[in-house]
Structure formats: C-alpha cells, structure tokens
Amino acid sequence: MAILPILHFPDPRLRNPAQPVARVDGALRALLDDMLETMYAAPGIGLAAPQVNVSKRVIVIDISEERNAPHYFVNPEITASRGAEVFEEGCLSVPNIYENVERAEWVRVKALGRDGKAYELEADGLLAVCIQHEIDHLEGKLFVDYLSELKRSRIRKKMEKLRRHTL
Ligand code: GNR
Ligand code: NI
C-alpha cells in the first residue's frame, strides 16, 4: 500500500481523457488499494486515477462516516440520470475551494468492481454528486469548469501563487 501524490489545478495532466482498463488484474487491484489509502489519508470521499497521474478509467469512493464502505468503479458509465440538484463541491485537486455546482440528482452507473465483475448501482444525494464529480475527472473535467470564467481565473491565480510558495 502507498499514499500517492495528488495533482493540483491547473496541472495540464488533469485535462487528459483517461483510457479504459482492459483487465482487472493484480496490478489494477494494487492501484485501487493505493487510491483508497490516498483518499482516506487526504481525507476525501472520492478519488479518480487521473488525480494521482494515472490515466485510467478508475475511481474509488467512500461516503460513509466510518470510512469502511468503499465503492470501486472500473470503466464506469452513467446509463441513466434524472433531475437536478445544486451541491457545494470541493476537490482534492483544487484544495480549499468550495463552490455550488448543479448536477443530476439521481444516476444509474454501470462499472466493473474490484473483482472485475460488472455491476450496476443507483445513487442519489452525496453519492450521486460524487460519482458524477469523479467521472468528470476521467474526461479531464473539473468542478471549476462549471463556474464563471472570472471565478475560475481567480481560483487559478490563487493556486499558482500557493504553488510558488510551496516550491
Ligand atoms: O473529497 C471530496 N469531497 C467532495 C465534496 C463535494 C463534492 C464532491 C467531492 S469529491 C472530493 C474528492 C475529490 O476531489 N474527488 O475527485
Ligand atoms: Ni475531485
């Protein structure tokens, strides 16, 4: 197990569309385990592989209070969605920024699990928000893309300044 470094906006590597996984093998399960450990340590409720510089369609999520109910999504696809809801989102790749984003309020998602078997899950509330946020990462999309150009450029400047400080 290992904690992986998380890329920060506006790193261009966060913008690459991720590649489908051909096979859920031992190496992929090791990636899922490292991503889960990284997400718990951050701490966050979800993590997509592009955030740890792995361009694969892989997501982990755990919205439980006890941090003991992980969801694994390999090659996830939203097969149905309904409604709209605004939720205040944050992102481990855009630290300390929280903004309202409108998304579908209910989704059905199809994916492979940690065992490589296909399954479907229906979600609403925080889980639905998180699934959509993570699938966006697989397309190179970030929650700040839903904000105005003005807000996004302010956030970009803040992040660049922070990075100059910590380098
Ligand atoms: O930890 C996270 N919290 C969160 C809160 C509201 C909406 C989405 C999220 S996902 C985020 C972790 C993350 O950046 N995943 O990509
Ligand atoms: Ni995120």
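Whatever order the structure lists ligands and atoms in, that order sets their numbers, starting from 1. Residue numbers start at 1 and run along the sequence shown.
Looking only at heavy atoms of the protein, atom 10 (S) of ligand 1 is closest to Glu134 OE2, 3.6 Å. Here the heavy atom of the protein found nearest to atom 13 (C) of ligand 1 is Gly46 O, 3.4 Å. When only non-hydrogen protein atoms are considered, atom 5 (C) of ligand 1 lies nearest to Gly90 N, 3.8 Å. With respect to atom 14 (O) of ligand 1, the closest heavy atom belonging to the protein is Leu92 N, 2.8 Å. Nearest protein heavy-atom neighbour of atom 3 (N) of ligand 1: Ile45 CG1, 3.4 Å.
Counting only heavy atoms from C-beta outward, the side chains of Pro76 and Ile131 never approach each other to under 4.5 Å. Looking only at side-chain heavy atoms (C-beta outward), Ile155 and Leu147 come within less than 4.5 Å of each other.
In this structure, Glu134 does not pair ionically with Arg57, as no charged nitrogen and carboxylate oxygen lie closer than 4.0 Å. Under a 4.0 Å N-O distance rule, the pair Glu120/Lys110 does not qualify as a salt bridge. A salt bridge does not link Glu160 to Arg163: none of the charged side-chain nitrogens sits closer than 4.0 Å to a carboxylate oxygen.
Between His133 and ligand 1, a contact under 3.5 Å exists for at least one N or O pair.
Glu88 CD: more than 12 foreign heavy atoms inside a 6.0 Å radius.
With a 4.0 Å heavy-atom cut-off, ligand 1 is reached by the backbone of Glu89 and by its side chain too. Only the side chain of His137 comes within 4.0 Å of ligand 1, judged by heavy-atom distances.
Sorting the N, O or S atoms of His137 by how far they are from the Ni ion (ligand 2) puts NE2 first. Closest to the Ni ion (ligand 2) among the N, O or S atoms of His133 is NE2.
Taking every non-hydrogen atom of Gly44 and a distance limit under 4.0 Å, the qualifying atoms of ligand 1 come out as 1 (O). Proximity to Cys91 (heavy-atom distance under 4.0 Å) selects the following atoms of ligand 1: 14 (O).
A distance of 10.5 Å separates CD in Glu85 from CG in Leu126, rounded to the nearest 0.5 Å. Distance check: Phe9 CZ to Arg15 CZ gives 6.0 Å after rounding to the nearest 0.5 Å.
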